[in-house]
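Worksheet: the structure to be examined is printed underneath.
As a basis for the values below, the full set of heavy atoms in this structure was taken, side chains included, without hydrogen atoms, waters or symmetry mates.
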Amino acid sequence: MTATGVLPFPLDFEALYLKNREHYHRFALAILNDQQDAEDAVHRAYFEILAHWPDLLADGNVHQQTWAILRRTVISEKLTNYRGNLAELTEDNDVARALCTLPSRQFDVTVLRYLCGCATADIAWYLGVSASTVDYHGRKAKQRLEQAMPGRIRRSN
């Protein structure tokens, strides 16, 4: 019996991987603050995405569903690695504490936009929403952060 090589991935899965891998990794790195943990989390997320690929395609919103898988995987990794340190991190850091209070969509938009440097169109694509919805969540997040940290958030027009 001879090995015939690695089985190819579905082309649409490979396209999703190539399009998203850098931004997914930046998001994971921004949350986890560790290169290896980020790589491991993104790798696990892609394995889960591949395992559910036919169902994700049938669902109709692949981007939103894959983002949810990535986010869940990264957050799970964060909780596993830093459960004991989370209280300490937020105790002395007003920004971290304020970010932790944001609803999930506002948190995602803020991290993707300001920590990962993603464009609004890419964020909309990842979250499966319109660009105007991304902007809305960004505005609401900024308002919440301004309320949580008066005088610390720069106002822009």
Checklist entry - Quick one: does Asn20's side chain have a donor or acceptor within less than 3.5 Å of a partner on Leu16's backbone? => result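 Flag set: sc Asn20 to bb Leu16 pair under 3.5 Å.
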Checklist entry - So, does Thr133 use its side chain to make a donor-acceptor pair with the main chain of Val129 at under 3.5 Å? => result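 Looks like no, no N/O pair under 3.5 Å.
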Checklist entry - Under a 4.0 Å N-O cut-off, is there an ion pair linking Arg113 with Asp108? => result no
Item to check | Full working for side-chain hydrogen bond (donor to acceptor under 3.5 Å, both in side chains) between Tyr46 and Thr66 | outcome: CA-CA 8 Å; Tyr46 273 114; Thr66 57; over 6 Å; no
[atom1]-[atom2] distance between [X] and [Y], expressed to the nearest 0.5 angstrom:
{"X": "Thr110", "Y": "Arg105", "atom1": "OG1", "atom2": "CZ", "value": "13.0 Å"}
{"X": "Ile49", "Y": "Arg44", "atom1": "CD1", "atom2": "CZ", "value": "12.5 Å"}
{"X": "Tyr114", "Y": "Lys142", "atom1": "OH", "atom2": "NZ", "value": "6.0 Å"}
{"X": "Gln65", "Y": "Leu70", "atom1": "CD", "atom2": "CG", "value": "13.0 Å"}
{"X": "Ser104", "Y": "Arg72", "atom1": "OG", "atom2": "CZ", "value": "12.5 Å"}

Do [X] and [Y] touch side chain to side chain, with heavy atoms closer than 4.5 Å?
{"X": "Thr101", "Y": "Arg144", "result": "no"}
{"X": "Pro103", "Y": "Lys140", "result": "no"}
{"X": "Leu57", "Y": "Pro10", "result": "no"}
{"X": "Phe107", "Y": "Ile31", "result": "yes"}
{"X": "Leu32", "Y": "Asp40", "result": "no"}

Next on the checklist: Gln35 vs Glu39, test: side-chain contact (heavy atoms from CB on, under 4.5 Å). Steps then yes/no.
Outcome noted: CA-CA 6 Å; Gln35 185 75 19; Glu39 289 177 16; 3.1 Å; yes
Where [X] and [Y] come nearest, the two heavy atoms and their spacing:
{"X": "Thr73", "Y": "Ala41", "answer": "CG2-O, 3.2 Å"}
{"X": "Ile69", "Y": "Ala45", "answer": "CG2-O, 3.7 Å"}
{"X": "Gln106", "Y": "His137", "answer": "CG-O, 3.5 Å"}
{"X": "Asn61", "Y": "Gln64", "answer": "ND2-OE1, 2.9 Å"}
{"X": "Val111", "Y": "Ala30", "answer": "CG1-CB, 4.1 Å"}

Could you see if [X] belongs to whatever hydrophobic cluster contains [Y]? Use Ile, Leu, Val, Met, Phe, Trp, Tyr and a side-chain cutoff under 4.5 Å.
{"X": "Leu102", "Y": "Leu127", "result": "yes"}
{"X": "Leu18", "Y": "Leu50", "result": "yes"}
{"X": "Leu29", "Y": "Trp67", "result": "no"}

Next on the checklist: Phe47: which residues meet the ring-ring contact (aromatic ring centres under 6.0 Å, His included) condition with it, sequence neighbours left out?
Outcome noted: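 Checked Phe47 against ring-ring contact (aromatic ring centres under 6.0 Å, His included); matches are His43.
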Next on the checklist: side-chain contact (heavy atoms from CB on, under 4.5 Å) for Phe27 and Val42? Distances and angles first, verdict last.
Outcome noted: CA-CA 9 Å; Phe27 175 79; Val42 172; over 6 Å; no
Checklist entry - Using the benzene-type ring in the case of Trp, are the ring centres of Phe9 and Tyr17 under 6.0 Å apart? => result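 So the answer is no for these two rings.
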Item to check | Steps toward salt bridge (charged side-chain N to carboxylate O under 4.0 Å, His left out) verdict (Asp122, Lys19) | outcome: CA-CA 10 Å; Asp122 287 335; Lys19 167 73 174 135; 3.3 Å; yes
